[in-house]
Amino acid sequence: MKNWEQCWLPDEENREECAVRCEGFDPSGSHRVLSTATEELKRYGRFPKDAEVLIVLDDKLPPESYAYDSGTLKLTVADERGAVYGAFHILREQKIHGGTSPSFGPCIPDNPFRMLNHWDNMDGSIERGYAGLSFFFKDGRILNGDRIRDYARLVASVGINAVVINNVNVKGDATWLISDRYYRDLSELSNTLSLYGIRLFLSLNYAACMDIGGLDNADPLDPGVISWWKERMKEVFENIPNLGGFLVKADSEGRPGPFTYQRTQADGANMLAEAVREYGGTIIWRCFVYNCMQDWRDRKTDRARAGYDNFIGTDGDYADNVILQIKNGPMDFQIREPVSPLFGGLKKTNMMLEVQIAQEYTGQQIDVCYLIPLFKEVLGYHTEAPDAEGDTVAEIIAAKAKGHRVTPGMSGIAAVSNMGDDPNWTGSDLAQANLYGFGRLAFDTSLSAEQIAREFLAQIWPGKAEEVLLPILLTSRATYEKYTVPLGIGWMVRPATHYGPSVDGYEYDRWGTYHRADHLGVGVDRTDAGTGYAAQHGPAWKKIYEDTDACPEELLLFFHRVLYTDRLRSGKTLIQHIYDTHFEGVSEVEANMESIRSLEGILPEKIYGRIMERMERQLYNAKEWRDQVNSYFFRKSGIPDEQGRMIY
Ligand code: GCW
């Protein structure tokens with residue numbers, strides 16, 4: 001008996017298998033991925049008795065795409081992956097529509113790379129994991145078997161085509177993943193993933209040539225370093241089938257990198273890219289590079305500037321098999337940030353967007369926080385100017401933007417995974433919507449947050465539960481934002497764990513994450529008079545961000561220092577806005593709890609119990625946030641709440 005669930009996937013039913021015929025595929029091939037697609041249709045599809053489903057190869061379709069004609073039961077596919085995605089699409093429609101699927105397509109993925117990044121450590125722990133332990137690793141060993149197969153199935157069903165299985169912070173045993181200690185197990189794991197068309201990627205320790213290679217340096221221009229990597233990569237690719245390449249966190253939060261040798265990020269990335277080129281490998285290089293040893297007294301250094309400052313000068317210097325992976329915002333997965341100015345700034349560099357479905361700063365899969373609305377905002381952001389064309393983040397990562405020169409097929413979107421070995425994979429049942437939604441959105445960025453939520457709920461808890469849960473999901477990000485951090489300033493979380501409030505938790509620390517509140521006001525001046533960050537967004541946005549009247553209000557404190565008595569667009573003072581939103585946030589959580597109570601006896605008992613248990617913790621958390629934030633600002637400002645509510 002498996003002790004894990006199938007989430008939105010169809011349950012196997014005892015019924016006659018349908019026949020599936022494939023046409024147009026080279027008869028001499030092994031077609032393992034195609035077999036996966038036919039198996040899925042046979043075991044889970046609901047078709048008329050004696051029906052035959054036809055899968056036809058059509059090489060005029062773009063890679064990984066498909067179309068379905070329900071009249072003839074014909075699934076036309078570009079390739080074997082297209083067959084898998086087409087099969088899951090049919091199953092999804094059948095589940096939603098009570099057994100029959102309408103015709104659809106052609107469905108063409110918007111992003112070539114649709115990736116999950118797992119931050120799993122080899123001892124089985126997960127950095128920022130909120131759903132149990134790793135299902136990839138345990139006690140320095142690699143796990144395989146049914147759970148991995150079901151993982152591959154689950155994520156492929158929403159179109160994921162590449163995964164990084166280990167934490168970007170590569171230390172200890174994980175450095176040895178590129179050694180014969182692990183080749184056998186990795187190749188087995190890779191084979192399992194490949195059944196569902198998923199390419200395996202590993203996170204790499206930039207200093208592996210020292211840590212396991214015995215070299216005395218990791219200078220990317222040193223001939224000894226270059227040849228060590230060349231030989232090692234030859235061995236690695238010969239031993240691990242279906243390996244797509246590597247993800248690298250260099251010069252970041254204590255990880256080694258090319259800066260140690262006065263080389264650029266491009267020097268480091270290109271050295272590795274050359275070593276993997278022969279094998280079709282890709283180097284995905286993260287832009288999360290900033291000074292994490294900042295002095296809080298220093299108001300000139302601005303962490304928000306760091307990504308752009310460290311990378312913009314290298315635009316155009318990267319090999320064509322390098323992709324820069326950029327977090328959605330310039331800081332770190334906060335509930336509200338501007339979009340990273342690197343997307344618009346880099347014009348001659350392959351880019352990938354990194355988002356986080358692990359809810360590190362957004363409630364840790366205890367608090368409900370459906371993140372697709374946030375991702376939609378990022379994707380829809382115009383990098384040049386609000387009214388420009390062909391310049392959105394979605395267009396940039398799909399390699400369709402104007403004025404960007406990139407390598408075809410070398411871009412996309414990655415999410416830091418929210419999965420673990422909990423029975424429901426994501427700890428919170430409602431957090432499954434972020435996993436599901438990320439995959440769907442990565443495949444089709446035109447889907448709305450609401451469409452995705454509806455689809456998800458219709459498959460998993462249709463009917464009354466869907467009605468109750470839909471508005472909760474759709475408003476959850478706004479609710480979370482209300483009871484936590486005001487107007488884009490970020491942080492205020494408990495250090496280390498990042499769950500729960502601590503307004504000054506990071507205020508006098510070295511991480512570059514300051515709100516600068518005093519008795520008069522709060523916020524960071526990022527105009528030219530301040531840190532100058534706003535200018536990284538180019539002239540049109542600079543003008544908007546620097547003007548307090550034009551600046552999107554939800555980002556006001558990110559860009560400006562504002563006095564508590566200053567009026568917002570609502571006519572309220574800043575301090576009153578802070579008080580009001582915090583009271584509202586808690587009320588909304590209470591209301592959500594009430595409506596979920598109406599699902600007792602409707603949702604399966606186990607699931608109802610899991611959701612309610614988390615709702616109670618969310619309510620406690622929301623009250624802590626409300627009271628700590630409100631008291632903090634009351635004590636700083638001395639200004640009472642106009643409505644005389646309880647502030648401590
Ligand atoms: O958000 C921060 C996290 C770290 C993480 C880092 C990163 C994996 O707190 O845990 O390290 O970002 O993205 O590299």
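By convention here, the first residue in the shown sequence is residue 1. Order of appearance sets the numbers: ligands from 1, and atoms from 1 within every ligand. All heavy atoms count here, side chains included; hydrogens, waters and symmetry mates do not.
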> Do the charged groups of K348 and D317 touch, with an N to O distance under 4.0 Å?
Replying inline: no
What residue and heavy atom of the protein are closest to [atom], and at what distance?
atom	answer
atom 3 (C) of ligand 1	E360 OE2, 3.3 Å
atom 14 (O) of ligand 1	K249 NZ, 2.6 Å
atom 12 (O) of ligand 1	K327 NZ, 3.2 Å
atom 8 (C) of ligand 1	N169 ND2, 3.3 Å
atom 6 (C) of ligand 1	E253 OE1, 3.3 Å

> Given that the side chain starts at C-beta and the backbone is N, CA, C, O, which of these parts of V168 lies under 4.0 Å from ligand 1, counting heavy atoms, or is it both or neither?
Replying inline: side chain
> Can you tell which part of Q356 has a heavy atom less than 4.0 Å from ligand 1: side chain, backbone, both or neither?
Replying inline: neither
List every atom of ligand 1 that sits less than 4.0 Å from any heavy atom of [X], numbering the atoms from 1 in the order shown and giving each element.
X	result
E127	4 (C), 5 (C), 8 (C), 10 (O), 11 (O)
R128	3 (C), 4 (C), 9 (O), 10 (O)
N167	8 (C)
F288	6 (C), 7 (C), 12 (O), 13 (O), 14 (O)
H498	9 (O)

> What closest approach, in Å, do Y206 and P258 show between heavy atoms, and which atom pair accounts for it?
Replying inline: CE2-N, 3.9 Å
> Looking at I160 and G439, what are the two nearest heavy atoms and their distance?
Replying inline: CD1-CA, 4.1 Å
>> Using the ring pair (Phe, Tyr, Trp, His ring centres under 6.0 Å) definition, which of the options F559, F343, Y381 pairs with W541?
In response: Y381
>> As a test of understanding, state which of Y514, W511, Y508, Y506 forms a ring pair (Phe, Tyr, Trp, His ring centres under 6.0 Å) with W296.
In response: Y508
> Quick one: is the NZ or CZ of R147 closer than 6.0 Å to the six-membered ring centre of W425, and within 45° of its axis?
Replying inline: yes
> Between R286 and ligand 1, does any nitrogen or oxygen pair lie at a separation below 3.5 Å?
Replying inline: yes
>> Please check whether D332 reaches ligand 1 - meaning an N/O of the residue sits under 3.5 Å from an N/O of the ligand, judged on distance alone.
In response: yes
> What about the rings of F311 and Y308, do their centers lie closer together than 6.0 Å?
Replying inline: no
> Which is it for R614 and D429 under the salt bridge (Lys or Arg N to Asp or Glu O under 4.0 Å) test, yes or no, and what are the steps along the way?
Replying inline: CA-CA 10 Å; R614 281 182 164 74; D429 291 273; 5.7 Å; no
> Is the H118 ring parallel, tilted or perpendicular to the F136 ring (thresholds 30°, 60°)?
Replying inline: perpendicular
